[in-house]
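Notes to accompany the following structure.
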2 protein chains.
Amino acid sequence: MVQYSFYFMIDNKYDIILDAASQVFAREGFHKAKISKIAEIAGIGAGTIYLYFKNKEAILEEIFLRSWSRIEMKLLEMKKIKNMTPLQKIAEITAEIIELIYANVSVAKILVYEYSFWNSNKKEKLSKTVENSQKLIEELISDGIKANIFRKDINSKDATMYIIGGVWFWIASKSDDLLSYSKDELTDTLFNYIIYGLK
Amino acid sequence: MVQYSFYFMIDNKYDIILDAASQVFAREGFHKAKISKIAEIAGIGAGTIYLYFKNKEAILEEIFLRSWSRIEMKLLEMKKIKNMTPLQKIAEITAEIIELIYANVSVAKILVYEYSFWNSNKKEKLSKTVENSQKLIEELISDGIKANIFRKDINSKDATMYIIGGVWFWIASKSDDLLSYSKDELTDTLFNYIIYGLK
DNA sequence: ATGAATACTGAACCATAATTCATTAACGTG
DNA sequence: CACGTTAATGAATTATGGTTCAGTATTCAT
């Protein structure tokens, strides 16, 4: 039992598959991505994937869940902190998003292109995480409005979607040469768009 | 010959198919949408669709092309006008986008959810229209920066993607109750997000 | 070293749904 | 009203690729 667990940790086919799938999904898109190609890149047989994941969708689901969980965690962390302005908190969250993208550009691409996935796919866990994150961002914006930091004619729900959309597409436009910028540079640029728009 | 043309105009199966497809694509997403369902809604046989379109993808392509062509046209119109500030022009374009959405919410949804389609699908005509539109928006932002209307630390390409992304997701968040707002209301809100961000 | 347990494999299976095409219907013309 | 032409049909075909599973390899405890 212990040995099995240990073996699993070293080998970690689960993560190898996730990584291979991320590459293929990012390149081909979910629907055109072939399990056989994922298996090839992972260096395993196609059937093996089904020992680790229920089906193709479950792989994408896990990729989404991991990313969104990280964002959700950061949002919760910020919520707890009291001596920080909403503006500072948004700066922190922006940095976390850039960190996430920087760590894995393929995943960032997937989050953009397969956006409709989590939107239409009502899987409990994923759906809860995403919706919870959105609610937390909404709260943050609400706080900012109350504190007179943001325009008070803003609808926090609209703004949330606008921010998410802006971030996604901004990522999409860069995707390939994203890594040629420094993290600080990217964080700064993104933060400014969110807060100041074009003016 | 004349009769054929006239008959075609009345009957206009081409547009009927496009309309039916828009509904199904918006509801199910492109990949899950069935040709048989589109045919059913259009009130025709499945095979008939193939008399008007090469394949399923060509239908989606045409839906994209029509929408983007309209935006491109508006952008070109604005480019020609000299006595108008970039801000006013952006207001006009925002209004056009809202108009487009208002006319057909299904199409708006498709533009959001199937974003990856035109992005990955390198069909000459569509690709050219989209890229041209993006270039025109970039020019407009560039003008705004030169005229000291926009922040001068803005990268016009980034900003373009940020705007497009913001618009798309903002639409996505509303999609279902979009029609419960007035056009002017929507235009105003969207314009303000683009220009002023949150502050 | 051996056998039981576990992990892996990839060819075969199967479900789905896009597309085709032989057939039928509708139309326009003389 | 026939008859040629064009349009429409939907059942049958076909392509695709996700998923299964019978067989094989590997690991591990004794």
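In this structure the side chain of A:I59 reaches within 4.5 angstrom of the side chain of A:I49, judged on heavy atoms.
The CD atom of B:E40 sits 15 Å away from the C1' atom of D:dT9 (whole-angstrom rounding). The nearest whole Å value for the distance from the CZ atom in A:F53 to the P atom in D:dT20 is 15 Å. If you measure from atom CD of A:E57 to atom C1' of D:dG18, you get 12 Å, rounded to the nearest angstrom. Look at OH on A:Y14: it is 15 Å from P on C:dC8, rounded to the nearest Å. The nearest whole Å value for the distance from the OH atom in A:Y52 to the P atom in C:dT6 is 14 Å. Distance B:Y50 OH to D:dA7 P: 19 Å, rounded to the nearest Å.
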Pairs of donor and acceptor atoms involving the side chains of residues 69-78 of chain A, under 3.5 Å and at least two apart or interchain, shall be tabulated with distances.
residue, atom, partner, partner atom, Å
A:S69, OG, A:L65, O, 2.6
A:R70, NE, A:E96, OE2, 3.0
A:E72, OE2, A:N132, ND2, 2.6

For a quick test of your reading: what N or O donor-acceptor pairs under 3.5 Å do the side chains of residues 31-46 of chain A make, sequence neighbours left out?
none

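The residue from A:T187, A:V167, A:L186, A:I163 that alone fulfils the side chain to side chain contact (heavy atoms under 4.5 Å, CB included) condition with A:T94 is A:T187. Considering B:W170, B:F191, B:Y162 as possible partners of A:Y162, the one that fulfils the ring pair (Phe, Tyr, Trp, His ring centres under 6.0 Å) test is B:Y162.
Comparing C:dT9, D:dT19, D:dT9 by their closest approach to the side chain of B:L51 singles out D:dT9. With D:dA8, C:dT19, D:dT19 as the choices, the nucleotide that has an atom nearest any side-chain atom of B:N55 turns out to be C:dT19. In this structure, of C:dA18, D:dA7, C:dC8, it is C:dA18 that holds the atom nearest to the side chain of B:K56.
Here B:Y113 pairs with A:Y115 under the ring pair (Phe, Tyr, Trp, His ring centres under 6.0 Å) rule; sequence neighbours left out. Residues meeting the ring pair (Phe, Tyr, Trp, His ring centres under 6.0 Å) test with B:F30, sequence neighbours left out: B:F25.
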Tabulate protein N/O versus nucleotide N/O from nucleotides 10-12 of chain D, keeping only pairs under 3.5 Å, one per line.
residue, atom, partner, partner atom, Å
D:dG10, N7, B:G47, N, 3.1

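Residues from residues 21-38 of chain A placing a heavy atom under 4.0 Å of any atom in DNA chain D, listed by number, are A:A33, A:K34, A:I35.
Atom CZ of residue A:R27 and atom NZ of residue A:K109 lie 9.0 Å apart, to the nearest 0.5 angstrom. Atoms CD1 and CD1, on B:I110 and B:I63 in that order, are 4.5 Å from each other to the nearest 0.5 Å.
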